[in-house]
**Student:** 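Sharing a structure below in structure tokens format, with a few things to ask.
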Amino acid sequence: MAGGRIVVGVDGSAPSLKALKWAARQAAATGDTVQAVISWEYPASWATLMPGVPPEFDPEGLAEQILDETVSKALPPDQAAAVTLAVVGGNPSQALIDAAKGAELLVVGDRGRSGFKAAVLGSVSSNVSQHAPCPVVVVRGTVPGIPDVDETETEDEK
């Protein structure tokens with residue numbers, strides 16, 4: 001069915017860049033549109049460790065910046081301009097499951113910004129694979145026809 005919507009989870013990690021590139025390529029082949037979704041939430045530990053959130057801390061603004069930069073980095077300008085961007089407050093898995101209602105496909109990377117690098121499949125990709133209202137593609141490893149993304153690890157990803 002041409003003219004549908006492909007939702008892709010983005011968090012700025014190398015696997016999410018691969019997922020975004022894969023989704024854009026799939027959308028070009030099917031005539032679907034791409035909606036890139038990023039979510040944010042306050043860390044649960046903040047409730048017990050901090051008396052209040054610093055006023056200058058803007059997690060929604062930071063998420064929007066990461067989303068903009070990821071789309072610009074992953075896609076050529078003409079493709080990037082056609083992507084619908086969504087910044088959602090809340091749990092990443094639930095945000096993607098909700099965004100995927102009515103979508104043709106949900107695309108995620110095999111892991112994201114979690115500190116558990118050794119996990120075979122990330123918690124978000126595992127959760128959405130089980131609960132999404134549409135088919136799910138988990139992009140893993142090297143994707144044929146899509147150049148590798150710079151996978152330079154940051155200290156928190158090791």
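Worth saying up front: this structure is predicted, and the values here are computed from it rather than measured.
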**Student:** For a quick test of reading the model, state the closest non-hydrogen atom pair linking A24 to L75 and the distance between them.
**Tutor:**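 Looking at all heavy atoms of both residues, the shortest contact is CB-CD2, 3.6 Å.
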**Student:** Return the minimal non-hydrogen interatomic distance between V7 and A100, and the atom names on each side.
**Tutor:**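 Result for this residue pair: CG2-CA, 4.1 Å.
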**Student:** Enter the distance from R25:CZ to I6:CD1 here, rounded to the nearest 0.5 Å.
**Tutor:**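 Those atoms lie 11.5 Å apart.
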**Student:** Check whether any side-chain heavy atom of E41 sits under 4.5 Å from a side-chain heavy atom of N91, and report yes or no.
**Tutor:**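 Yes; the side chains approach each other to less than 4.5 Å.
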**Student:** Quick one: closest heavy-atom pair of G109 and V138, and the distance?
**Tutor:**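 Smallest heavy-atom distance, with atoms named: O-CG1, 3.9 Å.
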**Student:** Return the minimal non-hydrogen interatomic distance between A19 and V139, and the atom names on each side.
**Tutor:**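 So the two residues come closest at CA-CG2, 3.9 Å.
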**Student:** Counting N and O atoms only, with roles assigned by atom type, does the side chain of S16 sit under 3.5 Å from a partner on the main chain of D11, one being a donor and the other an acceptor?
**Tutor:**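 Looks like yes, one N/O pair under 3.5 Å.
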**Student:** Could you tell me the separation between the OG atom of S126 and the NE2 atom of H131, rounded to the nearest 0.5 Å?
**Tutor:**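 Reported value, rounded in 0.5 Å steps: 8.0 Å.
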**Student:** Answer yes or no: is there a side-chain heavy-atom contact under 4.5 Å between L106 and V128?
**Tutor:**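 Side-chain contact under 4.5 Å: yes.
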**Student:** Nearest 0.5 Å, what's the CD1-CD distance between I38 and Q65?
**Tutor:**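 So the gap between those two atoms works out to 10.0 Å.
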**Student:** Once you round to the nearest 0.5 Å, how far does OG of S39 lie from CD of E60?
**Tutor:**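 Taking OG in S39 and CD in E60, the distance rounds to 11.5 Å.
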**Student:** Answer yes or no: is there a donor N or O on one side and an acceptor on the other, between the side chain of R5 and the main chain of K101, under 3.5 Å?
**Tutor:**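 Pair found, side chain donor or acceptor close to backbone of K101.
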**Student:** Measure the shortest side-chain to side-chain distance between Q26 and V107 over non-hydrogen atoms and say whether it is less than 4.5 angstrom.
**Tutor:**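 SC-SC contact between Q26 and V107 ruled out.
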**Student:** Ignoring hydrogens, what is the shortest heavy-atom contact between D32 and G4? Give both atom names and the distance.
**Tutor:**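 Minimum heavy-atom contact is OD1-N, 2.8 Å.
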**Student:** Find the distance between CG (D58) and CD (E64) and round it off to the nearest 0.5 Å.
**Tutor:**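 Separation between the atoms: 8.5 Å.
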**Student:** Does a side-chain heavy-atom distance below 4.5 Å link L62 with W40?
**Tutor:**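 A side-chain contact under 4.5 Å is absent here.
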**Student:** Would you say that V8 contacts V108 through its side chain, given a criterion of any heavy-atom pair below 4.5 Å between the two side chains?
**Tutor:**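 Not in contact.
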**Student:** Kindly say whether R140 contributes a backbone atom to a donor-acceptor pair with the side chain of D110 at under 3.5 angstrom?
**Tutor:**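 Absent.
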**Student:** In Å and rounded to the nearest 0.5 Å, what is the CD to OG1 distance from E104 to T33?
**Tutor:**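 Between E104 CD and T33 OG1, I get 9.5 Å after rounding to 0.5 Å.
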**Student:** Side-chain contact test, heavy atoms from C-beta onward, threshold under 4.5 Å: evaluate it for L20 versus V34 and give yes or no.
**Tutor:**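 Counting from C-beta outward, L20 and V34 do come under 4.5 Å.
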**Student:** Which heavy atom of G12 sits nearest a heavy atom of T70, and at what distance?
**Tutor:**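 Smallest heavy-atom distance, with atoms named: CA-OG1, 3.3 Å.
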